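Notes to accompany the following structure.
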Amino acid sequence: MDTLLIPRRPHASPTPPHARAALLEDPGFGKVFTDHMVTVRWTEGKGWHDAQVCPREPFQLDPAAAVLHYAQEIFEGLKAYRTRGNDVVLFRPQANAQRFRESADRMAMPLLPPDLFLGAIESLVRTDADWIPTGEGSLYLRPFMIATEAFLGVRPAAEYTFCVIACPVGAYFKGGAKPVTVWVSDNYTRAAPGGTGAAKCGGNYAASLVAQAEAIKNGCDQVVFLDAAEHRYVEELGGMNVFFVFDDNTIVTPPLGGTILPGVTRDSILTLAKDAGLTVQERLYSFDEWQADAKSGRLREAFACGTAAVLAAIGEIRHAGGSFKIADGLDGPVTCKLRDQLTGIQRGTAPDPYGWVHRIDMEG
Ligand SMILES: *Cc1c(COP(=O)(O)O)cnc(C)c1O
């Protein structure tokens, strides 16, 4: 594929190799950043312009910038992996480019051409390739767009900045995947019909933080949201989709319908599960059913999924009325198999029958 040429202004004093090596030893998640970023600006009447790879540094932002007041902001999250064959690859980046456009559309922001989205990411990965961890780690990429116009009136802004930053990250679960405990919130919801639930926007996360805090207070790792209309059906976690595995080879996930974020991981798992011969159902699943199925033993496994954590088994569920476990509360066989299949494709240790892996030409 042709690569877009984005001018590069290299960092005058990048992190020295020994300091970088020390940071890469235990980067955690989202705390260590590479030396560069990509920025592209958009102005009404002019469109996208001034794409550049430049040193990562603070933005100049007017205190009246629209994003600071009305939260016109969207983002994406994807990873670059170094394969055993020393290729650098992305996983289904076109799906992220497309979702970014859909999020922009919902938030009345300009649509970024997919080749510019991908070109920006590739340029940053090439520039900061020395920051890609080997082994179980990866380089997490965070494309985002903010409204920069200084204007306090309420309407879509006339100026935006698209930016990509990158963080080396370790294995999400140190010492292997261990099941998470989730809190089912009965007072907070994430997204209502007609709202922004299907858009990857910062505002959804801002609204989920008190529920997540409530989960932590109750000894849980993550919050599970129910639907806003009836508080009855399971929707998703704060930042991950959810799946249920039954004893009759059926796998269930809530349907997309505007209140759930259409995860790339979710979509990939649906494909892998179908091809593994499981019966796949995208259907409403109530919290009452969840409790009854866990109790009867019909429900064998449940897991949450997303780019950052890949697949995380759900071992225990807590809510205002009590708690229950799923099967023996351990990482189940279907969860493990799907995780191994997915990470195998992502890291190039398994064949890629779906054409999901996008190799970056590092000479470009
Ligand atoms: C990003 C996100 C997901 C997971 O999407 P992936 O594309 O699989 O990383 C799920 N739910 C929410 C709310 C998200 O923001």
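Indexing begins at 1, ligand by ligand and atom by atom, following the structure's order. The figures that follow rest on heavy atoms only: side chains count, while hydrogens, waters and symmetry mates do not. What you see is a predicted model; the values in this text were computed from it and never measured.
For atom 12 (C) of ligand 1, the candidate residues are K79, E236, E76; the nearest heavy-atom contact is made by E236.
Those atoms of ligand 1 with a heavy atom of G263 less than 4.0 angstrom away are 5 (O), 6 (P), 7 (O), 8 (O). For ligand 1, the atoms closer than 4.0 angstrom to any heavy atom of R190 are 13 (C). Listed by atom number, the atoms of ligand 1 under 4.0 Å from R99 heavy atoms are 5 (O), 6 (P), 7 (O).
Under the 4.0 Å criterion applied to side-chain N and carboxylate O atoms, R283 and E289 are assigned as salt-bridge partners. Using a 4.0 Å cut-off between charged side-chain N and carboxylate O, E149 and R155 make a salt bridge. Note on D293 versus R298: salt bridge recorded, some NZ/NE/NH1/NH2 to OD/OE distance being below 4.0 Å. Look at R20 and D35 and you find no salt bridge, because none of the NZ, NE, NH1 or NH2 atoms lies under 4.0 Å from a carboxylate O. Of the charged side-chain nitrogens involved, none lies within less than 4.0 Å of a carboxylate oxygen, so that E102 and R106 do not count as a salt-bridged pair.
Between the side chains of T250 and D248, at least one donor-acceptor pair of N or O atoms lies under 3.5 Å.
Residue G239 places a heavy atom less than 4.0 Å from ligand 1. Close to ligand 1: G238, with a non-hydrogen atom less than 4.0 angstrom away.
Under 4.0 Å from ligand 1, the heavy atoms of M240 that appear belong solely to its backbone. Under 4.0 angstrom from ligand 1, the non-hydrogen atoms of T265 come from both its backbone and its side chain.
Taking any N or O of P262, backbone or side chain, none lies under 3.5 Å from an N or O belonging to ligand 1. For ligand 1, the polar-atom distance check against N96 finds no nitrogen or oxygen pair separated by under 3.5 Å.
Closest to atom 9 (O) of ligand 1 among all protein heavy atoms lies T307 OG1, 2.6 Å. The nearest protein atom to atom 2 (C) of ligand 1, hydrogens excluded, is given as K200 NZ, 2.5 Å; this is a heavy-atom distance.
A 4.5 Å side-chain heavy-atom check between F91 and S268 finds at least one atom pair inside the cut-off.
I314 pairs in a side-chain contact (heavy atoms from CB on, under 4.5 Å) with only one of the listed residues (T181, D221, T335, V182), which is V182.
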